[in-house]
Amino acid sequence: MTPFGKLARQFRRERLMLLGDIAELLGKTPAYISQVETGKKKIPEDFSDQVADALVLNEKERAELRHAANISAKQFIVSMPENASERDRELAHKFAVSFARMDSRDKERLRGLMKGTPDE
């Protein structure tokens with residue numbers, strides 16, 4: 001769950017609102033809202049303001065939600081299967097940490113290694 005998702009969920013629950021309630025107010029599906037909260041979908045432009053309006057947040061809460069959205073926009077969440085080994089989790093973590101330090105040549109070599117993966 002992203003910082004934005006955690007805070008949006010907290011504010012929603014404080015107001016005794018369900019996921020479906022906020023989805024209806026925003027004209028979105030509950031699944032879509034859930035995917036944004038969990039980081040599976042990118043937070044759309046002005047989404048934090050839309051959520052803040054729907055939840056009737058005060059200025060302090062609105063600023064907190066915007067800040068959480070900005071932090072979340074810089075994150076990339078990798079979902080691991082429940083049965084992933086500790087070794088696989090460690091590898092994913094090491095990759096995430098080292099990715100930012102890789103130069104473009106290393107990234108191209110990595111793309112070459114990953115050719116033919118299902119997401120291509």
State, to 0.1 Å, how close [X] and [Y] come at their nearest heavy-atom pair, and which atoms those are.
X     : Y     : result
Ala8  : Leu65 : N-CD1, 3.9 Å
Gly20 : Pro30 : CA-CG, 4.0 Å
Pro81 : Arg89 : O-NH2, 3.5 Å
Leu19 : Ser34 : CD2-CB, 3.8 Å
Arg12 : Ile22 : CD-CG2, 3.5 Å

Spacing of CD belonging to Gln35 relative to OH belonging to Tyr32, to within rounding of 0.5 Å: 8.5 Å
Atom pair NE2 (His93) and CE (Met80), whose distance is rounded to the nearest 0.5 Å: 12.0 Å
[X] side chain near [Y] side chain, heavy-atom distance below 4.5 Å:
X      : Y     : value
Lys107 : Phe99 : yes
Val36  : Phe4  : yes
Leu7   : Glu61 : no
Thr2   : Thr38 : no
Arg9   : Met1  : yes

Pairs meeting criterion side chain to side chain donor-acceptor pair (under 3.5 Å) with involvement of residues 41-55, two or more places apart: Asp49-Arg66, Asp53-Arg62
Shared hydrophobic cluster, Phe95 / Met114 (ILVMFWY, side-chain heavy atoms < 4.5 Å): yes
Heavy atoms of other groups near Glu24 CD, more than 12 under 6.0 Å: no
Asp106 vs Arg101, side-chain contact (heavy atoms from CB on, under 4.5 Å): CA-CA, chis, key distance, verdict: CA-CA 10 Å; Asp106 287 338; Arg101 294 189 305 254; over 6 Å; no
Side-chain ion pair, Glu108 and Arg111, N-O less than 4.0 Å: yes
Stepwise side-chain contact (heavy atoms from CB on, under 4.5 Å) test for Glu64 and Phe11: CA-CA 11 Å; Glu64 289 175 26; Phe11 288 148; 3.8 Å; yes
Geometric cation-pi criterion, Lys28 with Phe47: 6.0 Å, 45°: no
Donor-acceptor contact below 3.5 Å, side chain Asp21 vs main chain Leu18: yes
